Amino acid sequence: MFDVQAIRRDFPILDHKIYDKSLVYLDNAATTQKPREVVEKIESGYYNVNANIHRGVHFLSMAATEAHEEARRTVQRFLNARSSNEIVFTRGTTESINLIASSFADACMSAGDEVIVSVMEHHSNIVPWQIQAARHGIVLKVIPMDEKGELRLDAYRELFTEKTCLVAVTHVSNVLGTVNPVKEMITLAHERGVPVLVDGAQSVPHIKVDVQDLDAEFYVFSGHKVYGPTGIGVLYGKEEWLDRLPPYQGGGEMIASVSFEKTTFNELPFKFEAGTPDYIGSVALAEALRYVERIGMDDIAAYEEELLRYATARLGEVEGARIFGQAAHKGAVLSFLIGDIHHYDMGMLLDRLGIAVRTGHHCAQPLMHALGVEGTVRASFSFYNTKEEIDAFVAGVERVRKMFG
């Protein structure tokens, strides 16, 4: 049985009081809280196994190196990648996408070539491509969505031309919660010989991801959204593609040899990991992945779906509620507005009740334009949230609504 109270005991911050109110943390799409064992793994790393990795021959360096590489193997198993060489550690989803955008555009694109993205992308999967558009003259083409917040696959098919070089699409929308049919989208792209990058920042914490089954060339996610530390993330790339791409950054670690005449680059995955890596963060990320695996990704998905259904029904009872995103398959995200109440006002007043939600455009301004709003209030759920917290959240929304008449 899913024991949410036992799980909550692993997260000390959930016992905090905010303005003398019990904390109701519903900002999980922005970042998740960290279980005790992840924080303890960080502390243990610095106190017991702290030494720069890969180059040292002394005991601490070798122990830290093995822990870092075992963390890489843990990520490989978590994603079901073929090889640990396909796992590159980055600072997060944003850096992972920037790495691919830069290296892919340098190696594989020229003026007039096209990248397909969707209307619901986070800025981190829009701006890097716009930077490459300015540098290389490439063109962005955008998949539209329907009134439910589902991508229009008919329009997606029509976007492909002989100039299409890559599809870059989010697995789960951070605003609408829409779970995109990325496996079907990957198949459609492959039928046209086009590789695919999937932004998994909002999917990896909530559903089981098998990169071999999806068959995307690249898949990226952030540690801090899956109960791990900040400043660590992952780029999965098929080995044959990572071999083809040039390095994103230069420096130590990513080289085989250097002279003033020529540099040769290291083997995978180190070719893309310039400088001292976050060997403490990687080990803590691996601990976070083991933590969610012990709970069970299928159980997490089922419980969070139950929370979403409950919250959607309860919020729908509030007069003037507008919920954005009615896709048949949704992640645990509710974006909404209440009447004419500004989203910032709603967020600030809920905060005074101890309820943490996100307000604004959620780094998805093109999507806000498509929805015809400046921003929304977003409540996003985790397996440590409860129906009682949802009741408190809805009661808070109703209280704010009455304040505004």
Side-chain angles (χ1 to χ4, degrees), residues 29 93 97 100-101 112-130 132-133 138-203 206-207 209 213-220 305 308 312 322-337 361-376 378 380:
T93 301
I97 296 173
I100 294 301
D113 286 342
E114 301 165 352
V115 173
I116 295 175
V117 297
S118 84
V119 67
M120 62 180 66
E121 299 306 314
H122 189 279
H123 293 167
S124 61
N125 201 26
I126 299 173
V127 178
W129 301 109
Q130 291 176 330
Q132 298 309 317
I138 67 174
V139 177
L140 266 67
K141 302 179 80 171
V142 182
I143 312 166
M145 65 181 185
D146 63 19
E147 66 282 354
K148 292 183 179 179
E150 297 178 333
L151 293 181
R152 288 183 47 203
L153 294 189
D154 58 336
Y156 172 59
R157 292 184 182 93
E158 295 300 317
L159 291 178
F160 286 90
T161 72
E162 70 281 356
K163 288 286 193 177
T164 305
C165 290
L166 185 76
V167 173
V169 65
T170 186
H171 197 162
V172 176
S173 168
N174 73 311
V175 175
L176 305 175
T178 304
V179 180
N180 288 318
V182 291
K183 187 172 181 179
E184 182 180 355
M185 296 175 75
I186 292 165
T187 299
L188 289 170
H190 287 177
E191 289 173 355
R192 295 154 176 81
V194 176
V196 180
L197 162 68
V198 178
D199 173 358
Q202 299 295 337
S203 52
H206 304 289
I207 57 179
V209 173
D213 179 60
L214 288 177
D215 201 29
E217 279 65 30
F218 309 104
Y219 198 99
V220 300
E305 184 178 355
L308 178 65
T312 302
R322 287 185 290 160
I323 296 174
F324 298 92
Q326 305 288 344
H329 301 287
K330 279 191 65 172
V333 173
L334 269 183
S335 285
F336 67 96
L337 291 171
H361 54 65
H362 316 299
C363 294
Q365 285 181 294
L367 176 56
M368 293 297 133
H369 296 156
L371 295 173
V373 297
E374 287 185 3
T376 68
R378 183 184 70 189
S380 49

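Computed from a predicted structure; not experimentally measured.
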[Y] and [X], any side-chain heavy atoms less than 4.5 Å apart:
{"X": "E191", "Y": "L188", "value": "yes"}
{"X": "Y219", "Y": "V182", "value": "no"}
{"X": "N174", "Y": "V333", "value": "no"}
{"X": "H123", "Y": "P366", "value": "yes"}
{"X": "S203", "Y": "V198", "value": "no"}
{"X": "H206", "Y": "V179", "value": "no"}
{"X": "T178", "Y": "L151", "value": "no"}
{"X": "H329", "Y": "E150", "value": "no"}

With M120, which of L371, V142, L176 fulfils side chain to side chain contact (heavy atoms under 4.5 Å, CB included)?
->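 Of the listed options, the one satisfying the test is L176.
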Distance check, rounded to the nearest 0.5 Å: [X] atom [atom1] versus [Y] atom [atom2]?
{"X": "L337", "Y": "T376", "atom1": "CG", "atom2": "OG1", "answer": "6.0 Å"}
{"X": "L197", "Y": "W129", "atom1": "CG", "atom2": "CH2", "answer": "6.0 Å"}
{"X": "I186", "Y": "L214", "atom1": "CD1", "atom2": "CG", "answer": "5.0 Å"}
{"X": "F160", "Y": "I116", "atom1": "CZ", "atom2": "CD1", "answer": "4.0 Å"}

Restricting to non-hydrogen atoms, name the atom on [X] and the atom on [Y] that form the minimum distance, rounded to 0.1 Å.
{"X": "V220", "Y": "I97", "answer": "CG2-CG1, 3.9 Å"}
{"X": "T93", "Y": "A201", "answer": "OG1-CB, 3.5 Å"}
{"X": "R378", "Y": "H362", "answer": "CB-CE1, 3.6 Å"}
{"X": "C165", "Y": "P195", "answer": "O-CD, 3.2 Å"}
{"X": "P128", "Y": "A101", "answer": "CB-CB, 3.9 Å"}
{"X": "D146", "Y": "R152", "answer": "N-CG, 3.9 Å"}

Got a salt bridge between E158 and R192, using NZ or NE/NH1/NH2 to carboxylate O under 4.0 Å?
->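 Answer for the salt bridge query: no.
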From CA spacing to verdict: side chain to side chain contact (heavy atoms under 4.5 Å, CB included), F324, V373 = CA-CA 10 Å; F324 298 92; V373 297; 3.9 Å; yes
Would you tell me whether H122 and T170 have side-chain atoms, one donor and one acceptor, within less than 3.5 Å of each other?
->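 Distance-only check fails for H122 and T170.
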H190: side chain to side chain donor-acceptor pair (under 3.5 Å) partners, not counting sequence neighbours =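 Partners of H190 by the side chain to side chain donor-acceptor pair (under 3.5 Å) criterion, ordered by chain and then number, come out as D215, E217.
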What pairs with S118 under side chain to side chain donor-acceptor pair (under 3.5 Å), at least two apart in sequence or on another chain?
->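 Side chain to side chain donor-acceptor pair (under 3.5 Å) check on S118 returns E121.
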Residues that E114 engages under side chain to side chain contact (heavy atoms under 4.5 Å, CB included), provided they are two or more places apart =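 E114 satisfies side chain to side chain contact (heavy atoms under 4.5 Å, CB included) with V139, K141, T161, K163, T164 only.
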Is the side chain of Q202 donor-acceptor paired with the backbone N or O of D199 at a distance under 3.5 Å, no angle test?
->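 Absent.
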